[in-house]
Each structure stands twice: as C-alpha cells, then as structure tokens.
Amino acid sequence: MTTVTTSRARTPRALDWRLRFAVLSLIWGFSFLLIKVGTDGYAPFQVTLGRLFFGTAVLAAAMAVKRERLPRGARTWGHLFVAALLLNALPFSLFAYSELTIPSTLAGICNATSPLWGMALSLVALSEDRPSRVRVAGLGIGFLGVLTVLGAWQGFDGLDARGTAMALLASLSYPIGWIYVRRTLAGTGHSHLSLTGAQLLVATVQLAFVTPLFTTFPTRFPLAPLLAVAALGALGTGLAVLIQYGLVAEVGPTTGQMVTYFIPVIATAAGVTLLGETLTWSTPVGAAIVLAGAALTQARPRRRGREDRARVTEAEQVGAAGTEPTEATVVETPSTTTPKDRTPQAPPAPPCNQNQNPNPSATASPRPLSKL
C-alpha cells in the first residue's frame with residue numbers, strides 16, 4: 001500500500017488584525033502631537049504641505065508596487081479637486097492653525113465630533129438615511145459633551161475661541177466631503193487606492209499654490225519639527241490609509257470604525273505626558289460624553305445580513321486619505337434602504353487583483369470616521 005502525503009503550501013501570514021488596529025490607533029492618535037511639534041518650527045501651511053507631500057509619496061509607492069494607474073476623465077478629476085479640498089487641504093490646514101493657540105488634546109477631542117456633524121448633515125443631505133430615536137439622542141448627547149469639554153458653564157473662560165472654532169470647522173469639513181464623495185465618485189470603476197492617491201496628489205498641488213502666498217520660505221530647517229512633519233505625512237496620511245483599507249477588508253466596517261473612539265484617548269495621553277499639556281476634569285469627562293454620543297449616532301438596526309454589514313463604498317474610502325483620517329469613512333447599508341435607493345454595483349474585480357475593494361461601488365449611508 002502506498003501512502004501519499006500532501007502538504008499545504010505555506011503562505012506568508014499578515015499581522016494579526018488586532019495588532020494592526022492598535023498600530024492604526026496609535027498613528028492617528030499621535031497625529032495631533034506631531035502637528036503641534038511641526039508648527040513649532042514651520043508655518044501651518046508648510047506643515048500641511050509637507051504632510052501631504054510625504055503622504056502622497058507613500059501612496060505613490062504603493063500604487064507603483066501594485067501597478068495601479070491614476071484615474072482618467074476630466075469629470076473625475078474635477079470631483080477629486082473638490083474632495084481633496086474638503087477632506088485634506090482645508091481640514092489639515094485648519095487643524096494646523098488651531099494648534100497654534102489650543103492644546104493638541106483639545107484638537108484631538110474636536111476631531112472626534114466628526115460623526116456628530118455627519119449625523120446632523122445626513123438628516124438634511126441624505127433623505128434615505130432615516131435616523132432612529134437612539135441616533136438622534138446620540139447627537140444631542142454628543143454636543144452636550146462638546147459643551148462640557150469647552151466649559152460652557154464657565155463662559156468658556158480661558159479658551160481660545162478662534163483656535164477651537166478652527167478645529168471644529170475642520171471636523172465639520174470631513175463629513176461634508178464624505179457626502180460629496182458619495183454623490184459624485186461612487187461607482188466610478190476606479191480602485192480605492194487609485195482614487196485616494198489621486199486625491200492626495202491634488203491636495204498637494206493645492207497647497208503648493210497656496211503656501212507661497214501666505215508664508216515665506218524657511219530660513220532654517222529645525223530637525224525635530226521636520227521629522228514630525230515627515231512622520232505625520234508618511235505614517236498618518238500614507239501608511240495609516242493602507243492599514244485601514246486592509247483592516248476593513250478583513251474584519252468589516254463595524255470593527256474597523258472602532259478606531260475612531262481610541263484616537264482622542266491617545267491624543268490626550270500623548271499631549272499630557274509628552275508635551276506637558278494641562279488637563280482639567282471637564283476634558284476627559286466631556287470627551288467620554290462625546291464618544292458615547294458618537295457611538296449612539298452610529299447605531300444601526302440589528303436585522304440585517306452579513307452582506308449589508310460588510311459593504312464599504314470605494315469612493316467613500318477616498319475620504320480616508322488622511323482624514324484623522326481620518327482619516328477613513330466606513331459605511332454600512334441600513335436595512336431600511338430599498339434596492340431602488342442603491343447605486344447598481346459594478347462587476348466584481350478580476351481574481352488576480354487581490355487588493356481591490358471587495359464591493360467597490362455599493363453605496364450606503366455614510367458612517368463617517370474621523371482620522372487624521
């Protein structure tokens with residue numbers, strides 16, 4: 001009798017998703033500290049330009065390795081111009097300017113209000129996104145937390161109103177951009193990596209034109225701020241986006257979006273321990289209320305299948321390009337959405353392209369994630 005022994009081919013195993021989740025949380029959580037360090041040596045617009053340059057370089061390298069091409073078509077590039085402004089150039093610059101006068105801890109907490117803004121905007125802009133009572137209650141609780149962080153009962157004493165307003169406007173810019181992306185870039189047929197790389201490239205060009213108009217060329221290049229800007233771009237705006245896409249593809253959007261709730265915690269811990277920023281009781285308490293409200297605004301009915309939970313829109317993932325970065329937009333399709341409300345799905349990607357988004361053109365109600 002002949003015994004036949006079969007052996008399984010050993011394939012390299014990717015890092016456990018929990019480890020990648022932790023790395024992603026740390027990268028985005030430390031982004032606000034890196035912004036603060038960067039603005040110590042360079043003007044805010046220069047920090048943003050450097051951040052976009054290094055982030056674009058990382059994604060360009062990833063596109064070269066995977067042999068991805070930039071999108072084609074003037075219409076697509078026109079929409080990418082607006083998306084780059086709303087999701088990268090504008091919020092990145094506002095956060096950089098805000099941290100000239102407010103601590104990085106407060107900037108990180110303001111960034112966590114993006115899901116609240118997204119919920120409020122979806123009530124007006126997305127008729128198919130019908131909110132439940134729980135989600136509406138989460139919206140109210142979240143903004144109550146914002147007032148707690150800002151110390152409203154003290155008349156906002158000791159708070160820099162201008163810097164805080166800039167940080168809140170930056171967090172508002174993200175969901176506006178996500179809604180725009182959903183309406184204009186969903187189902188274009190391009191991969192998320194291609195669209196994201198193109199978006200960052202456009203944002204870099206935008207800042208390259210704007211920066212010389214408002215700043216002068218640096219006469220010196222301090223090393224620590226320069227390294228902070230490089231890390232902010234290469235890690236927080238480049239590598240983190242790639243990690244986020246892989247994470248969502250493996251564990252789904254519901255688990256992937258949980259990184260949002262760790263960002264302000266890490267940002268606060270980094271600011272207090274490494275930068276010596278002061279912390280009053282209202283800051284962590286208010287942050288906890290904000291996160292609780294944000295979690296409630298993302299609540300969805302339980303009666304839905306696995307396929308609905310796994311849907312992630314390709315075009316909405318473009319918003320992840322540095323949105324603290326979020327820097328990413330993870331979405332789910334509510335069970336109340338009827339087939340006629342959905343954009344027809346594109347044919348599945350060829351089997352050879354393992355990096356293509358599994359369901360690139362399915363549209364759904366936005367589940368905004370803030371990420372730097």
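Position 1 is the first residue of the sequence, and the numbers go up from there.
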Mind checking whether [X] and [Y] have side chains closer than 4.5 Å, heavy atoms only?
X    : Y    : result
L172 : L121 : yes
I27  : I243 : yes
L139 : F143 : yes
R72  : T76  : no

Can you tell me if [X] uses its side chain to pair, donor with acceptor, with the backbone of [Y] under 3.5 Å?
X    : Y    : value
Y42  : P222 : yes
S173 : L86  : yes
E99  : A107 : no

ILVMFWY cluster, [X] and [Y] together (side-chain gap under 4.5 Å):
X    : Y    : result
L59  : W77  : yes
I109 : L26  : yes
L279 : L33  : no
V65  : V241 : no
L116 : L144 : no

Rounded distance [0.5 Å steps], [atom1] in [X] versus [atom2] in [Y]:
X    : Y    : atom1 : atom2 : value
L24  : L235 : CG    : CG    : 11.0 Å
H192 : L195 : NE2   : CG    : 9.5 Å
K36  : L232 : NZ    : CG    : 14.0 Å
L226 : R220 : CG    : CZ    : 12.0 Å
T48  : N88  : OG1   : CG    : 10.5 Å
L94  : L169 : CG    : CG    : 6.0 Å

Please find the pair of heavy atoms, one from [X] and one from [Y], that lie closest to each other, and give the distance.
X    : Y    : value
S282 : T148 : CB-O, 3.4 Å
S171 : T113 : OG-OG1, 2.9 Å
T237 : F92  : CG2-CE2, 4.0 Å
Y261 : L291 : O-CD1, 3.5 Å
G38  : V229 : CA-CG2, 4.1 Å
P71  : L80  : CG-CD1, 4.2 Å

Residues in ring-ring contact (aromatic ring centres under 6.0 Å, His included) with Y180, at least two apart? H79

Who pairs with Y97 by ring-ring contact (aromatic ring centres under 6.0 Å, His included), at least two apart in sequence or on another chain? F45

When R69, E68, K66 are each screened for side chain to side chain donor-acceptor pair (under 3.5 Å) with S191, the one that passes is E68

For A167, which residues count as a side chain to side chain contact (heavy atoms under 4.5 Å, CB included) partner, sequence neighbours excluded? F95, S98, I102, C110

Please output the side-chain donor-acceptor pairs of residues 266-275 that fall under 3.5 Å, not counting sequence neighbours, one pair per line with the distance.
from	atom 1	to	atom 2	distance (Å)
T268	OG1	P264	O	2.8
T273	OG1	A269	O	2.6

Sequence neighbours excluded, which residues qualify as side chain to side chain donor-acceptor pair (under 3.5 Å) partners of T215? none

Could you list the donor-acceptor pairs under 3.5 angstrom formed between side-chain atoms of residues 201-209 and any protein atom two or more places apart in sequence or on another chain?
from	atom 1	to	atom 2	distance (Å)
T204	OG1	L52	O	3.4
T204	OG1	T56	OG1	3.0
T204	OG1	L200	O	2.8
Q206	NE2	F81	O	3.0

Which residue in the set W28, F21, F30 passes ring pair (Phe, Tyr, Trp, His ring centres under 6.0 Å) when paired with F262? F21

